[in-house]
Chemist: 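Structure incoming, see below.
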Amino acid sequence: MSTPWYDTAALTEARDRLLSGRTVGKAVRKPILSSWQRCRLLGLATDRLEADYDPDLNFGGKLAHAAGPVLDRLESQLSGMPVSVFLSDERARVVERRGDEPSLNRYLDGLQLAPGLSTAEELVGTNGIGTVLVGAEPTFVIGREHFADAWHRLACAGAPVRDLLSGQFVGVFSLTCDHLDADPAMPEVVAEAARGIEQRLLSSVTARERALLEAYQDARGRMTADQPPTDFLDPRDRLILEERATELISSGQVGLAEVGLSDGRKAILVSRRIRSSSGVTGVAVEAVFPGVGIHPLRPPQSSETLEIESPGAESVGSHGHVSGHPLATAPSDAPTAPADRWLLAVGEPLTGQLAVRARQRLGLIADAGSQIGTTLDVSRTAEELTEVAVPRFADFAAVDLPDSVLLGEEPIRVDHPLRRAAIRGTHEVSDLHAVGDLITYTPSTPQAQALATGEPVRERTLSRALGWIAHDPVRGSKVLGAGVHSLIALPMVARGMVLGVVSLYRSRLHGPFEEDDLILAAELVGRAAVCIDNARRFTREHAMALTLQRSLLPSGLPAQQAVEAAHLYLPARSGVGGDWFDVIPLSGARVALVVGDVVGHGLHAAATMGQLRTAVHNFSALDLAAEEVLTQLDDLVICLDLDDQQAGRSDAGIIGTSCLYAVYDPSTRLCTLSRAGHPPPAVVFADGTVEFPEVPAGLPLGLGGLPFETVDVDLPEGSLLVLYTDGLVEHLGGGDVDRGLAHLQHALTQHSAGTPEQVCQALGALLPAEPKDDIALLVARTRALDAGQFAVWDLPADPQVVSQVRADVTARLTEWDLGDLEFATELIVSELVTNAIRYGGEPIRLRLLHETTLICEVSDGSSIAPRMRRARTTDEGGRGLFLVAQLGQRWGTRYTANGKVIWVEQPLPRRPEVEAR
């Protein structure tokens, strides 16, 4: 089976690293790694693990009885497939094993995976039974994710079986097969089977409970009222009362309990023992609201079917005291006359279907708080709402949002077409709109009414909802024919703004929605609405930051002839980062290649990146050496961080920013590299060899104190120079930098013959569309100048050599067919060489380069640069550099280790044939 996390080599290496006490990295899923760590702490050996047999195990208990039909049905469905079905108890002891594949059964027998034997994690290590009980969650263990070597052949998916009444684990249901036969659907299959066993365990007590409830109603009289309880109670208050009633029933205590409500009022819970004629004993809990008429109960009728035990008095008296019971203290404001009572729940101690229902609802609300809004993605949040609602509350759940909300914008109007953002169901109903469909709800539909009023709309019997059917009669008839029979439509409202609508459907698997279901549905959707609004706001801010960042990154690469370059940039899904790249043409036909990474994410990181990128351009324009550029950047980052601290932005520090700066000279084929805390570059030679040059790392920018160093690397023509940010190797290596560099080396070797654009595409194919950290990649294939494209003269410090140099330059221009530039070039050469002889020092060198421009360079041994100034009319000198600047397109000075270079660029003359085109 192919899974996104299963990598045999990576898992083997990770377990070896764990056993040797080293960091494992991110190659192992978190639940598996936690299990491995527990096994290591227990001192388990990977090659000597034995199961434990329990001769006293009860193979025919309540769990086996409840699971029997589920196992029979699943065994029939899996007949002929190489898989075994396991039922284990709360101590991971195998109660039953089913499966008819001989070779698999022999292998399982060899592992002592048979009834009566224990598969507890502390005995046999990580597995799909014992680990389920320790982790208290479904677990899928494949191949080498098992801690024990002998289990590596297997794949096992297990799900816990709970007693829904007590919430305790009573066993594990699991499927086991050869890891090569594993299927991604196995976790869902075992989860569904576990839910079936839980329902059968629960059904064994419902008959007794129904007898109690009927007896109670016969004795006390049926409840009558003019207004429903939901009109009187806040939904949260009702949930509080139900939770407290559950506790009273579970404890079996009789007495009074005071519960505070949200508006400051008090409610009194009265718990009484009840006993039916058949001998079933239980507890009934009533809510008393002093002075408020809500669901009054008629006086007891003469009946011999039930005995009701008072909690110590027939009513709450003026003294407010009931003796002899643990909950006997009445509230201080208890009324002096019988108060109106509302039946909350009835059931047996430690059981009770109504008590379980309240617990399940509270559990659903708790799960909604932890499982909805785990990301800041609008679509994913909508999916999480459907995952929580189905199948525990509804059989189908759909979320429809305006396109503006999905894009992070304000929902201008929700009566326009909505986009289906998420849908989930217990089974497939093809006639429900799919994700991506555009839906326009007519005013008669429950969804449109919910959007218009801002209130939920319930259709208990969907076949009678004429407005819903009229919206699309054909589709509606098919949906009803598929068994869908009840609907709640709820508006998604957050911060006073309607974001969309949620549709909850029930089919044959549930009864119709009742009035009290609106409370739970509104709570679920309300939580999800806030999360979706948060995600929408984040999407908007993320889009703004991304727009800012893209405006600060180069929109294209500048024209230059030193390298053929291509780039790739992938923003992080968690927020815009500060990664950047640049290709900067330099004097002398050279080029600077830059990649950097600003600490942090968000608008501040993007803005800082823009500042640093601008600074790099400015420092490069000054022709500073590579190490000097990083030194200047280091000082700038320190200043920016101080400014942030003074402005109170203590969390926006940029100390730790990294940068790699490379300068390539096509005339010498030398590349000068310097880095500040950045990953090293990769060099791919023409024969496919990939190397990572040993460039001194240097401290990240902003730390100061130490100089940066440079390394010169000889790059033959056609070599690839690859610069990248740490996000690339972290993703390729699953968090392990060494593994990431190895994967990068392998990928570059495979695509060494490709163009830079093809290399970027090949590496991009290995990366997700939205990585955890942003990724910048710059790939450049080097070019070289032919010997005939430049000329060099070493000159003595003698003024008489100037005339000869002019003649040599004129001859070379004639050879290059640049006769149109002879006059200007002679003047430039005369001025620069004369200045070098007069004001500079040896060695003096003249160099002409014929590329896209004509470049004239004169170097000397002095570090004093000439300065152009405005000469007065009476001055005899001072006009040389002014003439040079007028004759050339650009000019400047760059410093070297032995002096300086004065350079001038002239545009090449346009040829008639070029003009004709």
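Positions are given from 1, in the same order as the sequence printed here.
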Chemist: Please tell me if the side chains of D860 and I837 come closer than 4.5 Å, counting only heavy atoms from C-beta onward.
Modeler: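 Side chain of D860 against side chain of I837, heavy atoms only: no contact under 4.5 Å found.
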Chemist: Tell me if a side-chain donor or acceptor on T814 pairs with a main-chain N or O of T810 at a distance below 3.5 Å.
Modeler: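 Checked: pair present.
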Chemist: Rounded to the nearest 0.5 Å, how far apart are CG of D786 and CD of E717?
Modeler: 7.5 Å
Chemist: Can you find a pair of side-chain heavy atoms, one from V563 and one from R783, that are under 4.5 Å apart?
Modeler: no
Chemist: Quick one: do K900 and E857 make a salt bridge, cutoff under 4.0 Å?
Modeler: no
Chemist: Using a 3.5 Å distance criterion without hydrogens, assess whether the side chain of T725 forms a donor-acceptor pair with backbone atoms of D579.
Modeler: no
Chemist: Will you find, in the side chains of S667 and D665, an N or O donor that is under 3.5 Å from an N or O acceptor?
Modeler: yes
Chemist: We want to know whether T375 and D377 form a side-chain donor-acceptor pair, criterion being a heavy-atom distance below 3.5 angstrom.
Modeler: no
Chemist: Could you check whether any side-chain N or O of E905 sits under 3.5 Å from a backbone N or O of L854, counting only pairs where one atom can act as donor and the other as acceptor?
Modeler: no
Chemist: With heavy-atom distances below 4.5 Å as the criterion, would you say the side chains of W580 and V594 are in contact?
Modeler: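 Contact flag for W580/V594 side chains = yes.
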Chemist: Could you check whether any side-chain heavy atom of V805 comes within less than 4.5 Å of a side-chain heavy atom of L795, counting everything from C-beta outward?
Modeler: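 Yes. Closest side-chain heavy atoms under 4.5 Å.
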Chemist: Looking only at atom types and distance, does a side-chain atom of Q560 sit under 3.5 Å from a main-chain N or O of A562, one as donor and one as acceptor?
Modeler: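 Flag set: sc Q560 to bb A562 pair under 3.5 Å.
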Chemist: Among L612, L701, V637, which one satisfies side-chain contact (heavy atoms from CB on, under 4.5 Å) with V598?
Modeler: L612
Chemist: Inspect the contact between E409 and R536 and indicate whether a charged nitrogen and a carboxylate oxygen are less than 4.0 angstrom apart.
Modeler: no
Chemist: Without swapping roles, check the side chain of S862 against the backbone of I864 for a donor-acceptor pair under 3.5 Å.
Modeler: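 The answer is yes, because a donor-acceptor pair under 3.5 Å joins these two groups.
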Chemist: Please check if any side-chain donor atom of S674 sits under 3.5 Å from a side-chain acceptor atom of E709, or the reverse.
Modeler: no
Chemist: Charged N to carboxylate O below 4.0 Å: is that the case for D714 and R669?
Modeler: no
Chemist: Between F581 and P554, is any pair of side-chain heavy atoms under 4.5 Å apart?
Modeler: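 They are in side-chain contact.
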Chemist: Write down the atom of R739, the atom of A10, and the distance for their closest heavy-atom approach.
Modeler: NH2-CB, 3.6 Å
Chemist: Hey, is E826 close enough to R806 for a salt bridge, meaning N to O under 4.0 Å?
Modeler: no
Chemist: Spell out, as yes or no, whether a donor-acceptor pair under 3.5 Å connects the side chain of R894 to the backbone of I902.
Modeler: no
Chemist: Please answer whether the main-chain N or O of N835 pairs with a side-chain N or O of R838 as donor and acceptor at a distance below 3.5 Å.
Modeler: no
Chemist: Quick check: do L721 and L723 have side-chain heavy atoms less than 4.5 Å from each other?
Modeler: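 Side-chain contact under 4.5 Å: yes.
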Chemist: Is a side-chain donor or acceptor of S719 paired with a backbone partner of L715 at a separation under 3.5 angstrom?
Modeler: no
Chemist: Could you check whether any side-chain N or O of Y661 sits under 3.5 Å from a backbone N or O of E628, counting only pairs where one atom can act as donor and the other as acceptor?
Modeler: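 Side chain of Y661 to backbone of E628, a donor-acceptor pair under 3.5 Å: no, none is there.
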Chemist: Angle between ring planes, W816 versus H850, binned at 30° and 60°: parallel, tilted or perpendicular?
Modeler: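 The arrangement is tilted - the two ring planes meet at 30° to 60°.
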Chemist: Could you verify whether a donor N or O on one side chain and an acceptor N or O on the other, from H617 and D582, lie under 3.5 Å apart?
Modeler: yes
Chemist: So, do V904 and R890 sit near enough that their side-chain heavy atoms are less than 4.5 Å apart?
Modeler: no
Chemist: Is it the case that the side chain of H567 and the backbone of C760 share a donor-acceptor pair, with hydrogens and angles ignored and the cut-off at 3.5 Å?
Modeler: no
Chemist: Contact between T539 and L407 at the side-chain level, heavy atoms closer than 4.5 Å - yes or no?
Modeler: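 The answer is no, as the side chains (C-beta and beyond) never meet within the 4.5 Å cut-off.
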Chemist: Does a side chain donor of either S658 or D597 reach within less than 3.5 Å of an acceptor in the other side chain?
Modeler: no
Chemist: Please determine, by modelled atom types, if R845 and S859 share a side-chain donor-acceptor pair under 3.5 angstrom.
Modeler: no
